[in-house]
Asks: 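Handing you this structure, nothing more for now.
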Amino acid sequence: MRFIADFHVHSKFSRATSKNLDLENLYIAARMKGIAVVGTGDFTCPQWMEEIREKLEPAEPGLFKLKESLEKACDARVPASCRGKTRFVLSVEISNIYKKNGAVRKNHNLILAPGTREAEALNARLDKIGNLRSDGRPILGLDARDLLEIMLETTDRGFFIPAHVWTPWFSLFGSKSGFDSIEECFGDLTPHIFALETGLSSDPPMNWRVSALDGLTLVSNSDAHSPMKLGREANLFDADLDYDDIVSAMKTGDPGRFLGTLEFYPEEGKYHLDGHRACGVRLSPDETRKLGDVCPRCGKPLTLGVLRRVDDLADRPLGQTPRKRHSYQSIVPLTDILSEIFKVGPGSKKVQRAYMSVLRNLGPELPILHSLPLDALAESGILPLREAVSRMREGNIRVLGGYDGEFGTVEIFKPGEREALFGQRTLFEMGPPPKSPAASKKPGALKKPAAPPPKKPRTPKPADAPEPVFNARQKAIVRAAPGPMRVSAGPGTGKTRALAGRIAYLIKEKGVAPQSILAVTFTQKAAAEMKARIARMIPHLKTPPCAATFHSFCLDVLQSAAKDDGDGRRFSIIDERERLSLVADAAAMAAEKGFDVSSRADELADGVARAKQALLFPESDLRNAARGMDPAELFAVYRAYQDLLSSQLLWDYEDLIFETCRLFESRPDVRDACEKRFAHILVDECQDLNFAQYRLIRLLAPPGKSVFLIGDPDQSIYGFRGSSPGYLKRFLKDYPEATRAGLDRNYRSTPTILDAAFKVIEKRRFDPSAPKVWSDLAGGAPVGIIRTRTEKAEAEAIVAAIERMTGGSGFFSLDSGRADGAVPAGNRGFSDFAVLFRTAAQGLEIKKAFDRSGMPCRLLSKKDAFFKKDLAPLICLFKWVHDCAPVLDMEAVFSRSKSGVGAKTARAFKMWRYQKGLGLSEAIRQAARLPLPGMGKAAQYKLTAFFQRIEGLRREMSGLSISDRLHRLAAFLKWEPSLESDPKTREGFERLIETARSANGSPRDFLDSLALETDSDVFDKRAEAISLMTMHASKGLEFPVVFIAGCEMGLAPFERAGEDEGPDERRDRLDEERRLFYVAMTRAGEELYLSHAERRMIRGRLVSAKRSGFVSEIDEGLRRDVDVFGDKNKAPRQTQYRLF
DNA sequence: GGCGCTAGCCTTTTT
DNA sequence: GGCTAGCGCC
Ligand SMILES: Nc1ncnc2c1ncn2[C@@H]1O[C@H](COP(=O)(O)OP(=O)(O)OP(=O)(O)O)[C@@H](O)[C@H]1O
């Protein structure tokens, strides 16, 4: 069967598309155009998918049709002459923006799916990579190759077509951010590319000039953003109405089944010629080359069009064709033809009426333009139509080429010619067609001088290369003789690099066994970075050195020591929530015992942590740890807390260090073994050492040991958990033989950024005599200061600025006409940006703004706080029925499951069992027999009855998978309603199920992976995204462009109302705030922006705040005010956006 | 003693 | 915008 197909369209859920793009209107438009197979577009968009499921039903294999009743209603709105079959095929266009080979790449890709199951499977994968909701054409920070791979992993029947491959901004071969070959883009997966979409600005003859495309099927689609644009380009098939046959026709290019394409005149496309829109300069490629690619009016670079780009990559002259090719027909939309005939706009009432009348008389549009015998056109009732279509089919028309985002214009009749031929009033009369006048020539005649492809000014990032480069001072550190050594150096001076280099040096040149090296830091991220750098310097190491955080190293020591001792107990590590809850319980027990407990649980918890960080036992002198509290109170709570922990085999984070120190002190044999094992110890970020961690190092490093500390005292930001750069000085006292070294050359930031940051830290430096860090990187844009009215406007400003700097990520293209403004337009990738802020809560508003924009971002935050709270009863119940301590949220379980057991009974039970030191199961057993103190008979009856229900539940668990168990427990907690109604709860539950699936082991493993779940696990590592994080979390990282949000008094430096602190305490705290700001500023490489809002919601209260004092301390010459939005205080959103 | 509702309170940073 | 204490009703 012969038919026309258009696969690339969009729904109303895509940006800047017509609001009436629903399935009914797509159907109606397809009928009027004569299209039998139309893409749904946007199948990754959940809202659109919902409509698809609601309104479509399966028809022929892999195809869908409008449901009968809808179809009937739609047919009534279509001229009878146009009625016929129209089928839908699931399709989507994805915008890929990513870095490859050191350059930012942006391309669009079309995917066809054989069915909803396959589409949903793909959606599930992509959902983890980017935001599928906010844009029907999702923007993913994902390599196009990886997208193809994900599609292939999901279904072997999907079909992948690089879209409009020549457009400058967003395409495979685009001059701005494309590739020079398919292989460069798709690498090993190139054989899975069978077809290319030529796009509006190119036609088959242009593509035939590139021999590398021989053998690929050139397809054409409309990329319609409104129903009536449907089919302005399309494909002709003679195939079965069947997804697989259609796809196979395109895959093979079988000329019997894929007949060819209907093409827009390429000159009409927005980017056909070269030019500069702001100056109204339109040029052919040859002219542009002569001008050296700059605008003759203003000297700015010209936007090079498709013709030029093809010319650059072509290896054949125009007219020479490959052996295998398909025929094509260039068409002009009927409304444009009518518009010219009537000399009124294509959207005018007059043209619309004429359009409908032509359709009523002759049938659908595309056959009229393409194949209807000319004589039949005489039936149209519009006299010049026959002549116009005839000229169009022969290419006998004049087209003024489009350039730099400006559409081209078509002219079928020369000025005055139309009137001369037909007279003014005869348009609607029948008449014999007049003779065709001579053809006019198309502009931009193609002659190709043998010019080499232009070199792109792209500098590969050093990060992609191995890192063997060290300056002289770094080299001295790397190669220093083993022994105690302390390096103190500023930001970006290559501390981490030197540490990794030293490890590589020890292994490679000194023959040190990798396993005898211990490298420790403080965060998982830093440890991972260390590992990665070592691996890059010495790849293929069988046993890599131990690179870990203090905490994971200690856990390892404790566990292996227990194993060696035959101690089979397994301790669990509790998280912050559990710690607070247990401290509260401990406080209650202490109060029960008659202690006067008046402090809040979180203060007590801090006190306990401080004590442990100082290696103090409950019985020790707690006066320092107690701060404002009564030491006796802290003693009682600390002791009760330790009892609770040890009776349930629990450790908190502090215990890991504390217990390891204790182990080493009480068991010299264990200490000796560990000390021998690790002949070399290296500590990164050593300004963050606290007392316990420093003690640990001393225990492992007797005098003369090869122990290497590297850090920057001005970056010490964890004083609130006991860290102090003082241990750097202390180290020199304890190891008088230690070598000292420093570094002062920064390789990260421009001098301007360094100067600005130095201004902030200058007065409060740890060592005022230390040399100032310098850099000679080029480019010194001043620090941008952004001021907005509200925090919401601040978030929008940051989003808009990043949008501009990425060169527009999809919904507005960055034609040179709009590339002015306060923020440099650019061509950066998402991973080049970080947005930093003081409090995690600020990140939420910023995240929302990014989600609205559709740009991919990653909020790195404490994962539990936001989603574990809702899930607490479920997780608690899970632990309960699997006998995994600690079961801490019993009250929530009681109330959720309508047990009739209230807080008071729960409390009495808990206190009783804690006092008796009973495990949960033993306590439950006894509660069934003995009367419990402080509890009435009725209450105890309800309690024990509930315990029996739990027993029953426990029995139900056997044989079920983890996720089935979770579902069963959720039902027990009567959770379905809130899963339905509350999206947050649902999301949390889904994440839980996801974790359960991937853990796929014992319940214990599931709980462990839940405890370890970091945000990065939730995201696909292949995807690039803008990083959103707290200033603290940014330590050790670097980004070319950094935004620091919330640069206001109260946030930077942070102030808490009603804080009672002494002057010394306050000074120390403010100094740390200052260092934190310094850390944040020095993350930036090339550009730094500090934003502040005049008003912001804090605690539900609108608070006004002045700009941060830190900003004022930066010399005015080093900063400048930036107005992201220009005059309007509004984002340039939803700019009228038309197709390429 | 449980349960639902409201008013008023408070919210840093992390292993 | 979320959490808890306290109130009144069952
Ligand atoms: N000798 C060098 N030549 C070129 N680049 C270097 C050199 N030394 C370090 N760099 C680069 O400088 C940047 C900063 O290095 P690194 O992260 O090791 O610094 P750091 O001192 O640990 O920084 P910070 O304390 O701010 O976290 C990195 O991108 C690194 O690759």
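Chain letters run A, B, ... following the sequence lines, proteins first, then strands; residues in each count from 1.
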Asks: Please name all residues satisfying side-chain hydrogen bond (donor to acceptor under 3.5 Å, both in side chains) with A:Ser581, sequence neighbours left out, ordered by chain then number.
Replies: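 In terms of side-chain hydrogen bond (donor to acceptor under 3.5 Å, both in side chains), with neighbours along the sequence ignored, A:Ser581 is linked to no residue.
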Asks: Give a yes/no verdict on base stacking between B:dT13 and A:Tyr718: centres under 5.5 Å, planes within less than 30° of parallel.
Replies: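 No; by the centre-distance and plane-angle rule, A:Tyr718 does not count as stacking on B:dT13.
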Asks: Rounded off to whole Å, could you give me the CG-to-P distance for the A:Leu1051 and B:dT13 pair?
Replies: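 Going from A:Leu1051 (CG) to B:dT13 (P), I get 11 Å.
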Asks: Whole-Å distance between B:dG1 P and A:Phe946 CZ?
Replies: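 From A:Phe946 CZ to B:dG1 P: 19 Å.
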Asks: Go through the structure and list residues passing side chain to side chain contact (heavy atoms under 4.5 Å, CB included) with A:Glu891, not counting sequence neighbours.
Replies: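 Applying side chain to side chain contact (heavy atoms under 4.5 Å, CB included) to A:Glu891 gives A:Ala906, A:Lys910.
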Asks: Base, sugar-phosphate alone, or nothing: which one does A:Phe550 contact when heavy atoms must sit under 4.0 Å apart?
Replies: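 The answer is nothing, as A:Phe550 stays clear of every strand by at least 4.0 Å.
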Asks: In whole Å, I'd like the distance from the NZ atom of A:Lys612 to the C1' atom of B:dT14.
Replies: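 About 16 Å, once rounded to whole Å.
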Asks: Nucleotide by nucleotide, 5' to 3', does protein get under 4.0 Å of the base (B), only the sugar-phosphate (S), or neither (-) in nucleotides 3-10 of chain C, counting heavy atoms?
Replies: S-------
Asks: Closer to the 5' end of DNA chain B via nearest nucleotide, is it A:Leu1076 or A:Met935?
Replies: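 Checking each residue's closest nucleotide, the 5'-ward one belongs to A:Met935.
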Asks: Would you give me the side-chain donor-acceptor pairs under 3.5 Å for residues 942-949 of chain A, sequence neighbours excluded?
Replies:
unit_1	atom_1	unit_2	atom_2	d
A:Thr944	OG1	A:Gln940	O	3.0
A:Thr944	OG1	A:Tyr941	O	3.0

Asks: Run the side-chain hydrogen bond (donor to acceptor under 3.5 Å, both in side chains) test against A:Asp889 and tell me which residues pass, sequence neighbours left out.
Replies: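 Once residues adjacent in sequence are excluded, the partners of A:Asp889 under the side-chain hydrogen bond (donor to acceptor under 3.5 Å, both in side chains) criterion are A:Arg577.
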Asks: Could you check how far CG of A:Asp602 sits from P of B:dT14, rounded to whole Å?
Replies: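 The distance from CG of A:Asp602 to P of B:dT14 comes to 16 Å, rounded to the nearest Å.
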Asks: Which whole-number value in Å describes the distance from A:Gln842 CD to C:dG1 C1'?
Replies: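 Rounded to the whole Å, the gap is 15 Å.
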Asks: Just jot down the side-chain hydrogen bond (donor to acceptor under 3.5 Å, both in side chains) partners of A:Ser1027, sequence neighbours excluded, or say none.
Replies: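 Scan of A:Ser1027 (side-chain hydrogen bond (donor to acceptor under 3.5 Å, both in side chains), adjacent residues dropped) gives none.
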Asks: Between CG of A:Leu877 and CE of A:Met890, what distance do you get to the nearest 0.5 Å?
Replies: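 One gets 10.0 Å once the value is rounded to the nearest 0.5 Å.
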Asks: Taking OP1 and OP2 of B:dT12, is either one under 4.0 Å from a side-chain nitrogen or oxygen of A:Arg1056?
Replies: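 For B:dT12, OP1 or OP2 has a side-chain N or O of A:Arg1056 closer than 4.0 Å.
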Asks: Can you name the residues that form a side-chain hydrogen bond (donor to acceptor under 3.5 Å, both in side chains) with A:Asp851, not counting sequence neighbours?
Replies: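 Once residues adjacent in sequence are excluded, the partners of A:Asp851 under the side-chain hydrogen bond (donor to acceptor under 3.5 Å, both in side chains) criterion are A:Lys847.
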Asks: Report the residues that fulfil ring pair (Phe, Tyr, Trp, His ring centres under 6.0 Å) with A:Phe678, sequence neighbours left out, ordered by chain and then residue number.
Replies: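 Counting only residues at least two positions away or on another chain, A:Phe678 forms a ring pair (Phe, Tyr, Trp, His ring centres under 6.0 Å) with A:Phe553.
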Asks: Describe the nucleic acid contact of A:Phe522 in one word from base, sugar-phosphate, nothing, applying a heavy-atom distance below 4.0 Å.
Replies: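 Sugar-phosphate only.
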Asks: Quick test: give all pairs of protein nitrogen or oxygen and nucleotides 2-4 of chain B nitrogen or oxygen below 3.5 Å, distance rounded to 0.1 Å.
Replies:
unit_1	atom_1	unit_2	atom_2	d
B:dG2	OP1	A:Gly902	N	2.7
B:dG2	OP1	A:Thr905	OG1	2.4

Asks: If you take the centroid of each ring, where Trp contributes its six-membered ring, are A:Phe522 and A:Phe550 closer together than 6.0 Å?
Replies: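 Yes, the ring of A:Phe550 comes within the 6.0 Å limit of the ring of A:Phe522, centre to centre.
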Asks: If I take atom CG in residue A:Asp606 and atom C1' in nucleotide B:dT13, what distance separates them, rounded to the nearest angstrom?
Replies: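 That distance rounds to 12 Å.
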Asks: Expressed as a whole number of angstroms, how long is the span from A:Asp688:CG to B:dT13:P?
Replies: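 From A:Asp688 CG to B:dT13 P: 17 Å.
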Asks: What's the closest nucleotide to the A:Thr1030 side chain, out of B:dT15, B:dT14, B:dT12?
Replies: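 Nearest listed nucleotide: B:dT14.
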Asks: Provide, to the nearest angstrom, the distance between the CD1 atom belonging to A:Ile1044 and the C1' atom belonging to B:dT13.
Replies: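 Interatomic distance, CD1 of A:Ile1044 to C1' of B:dT13: 15 Å.
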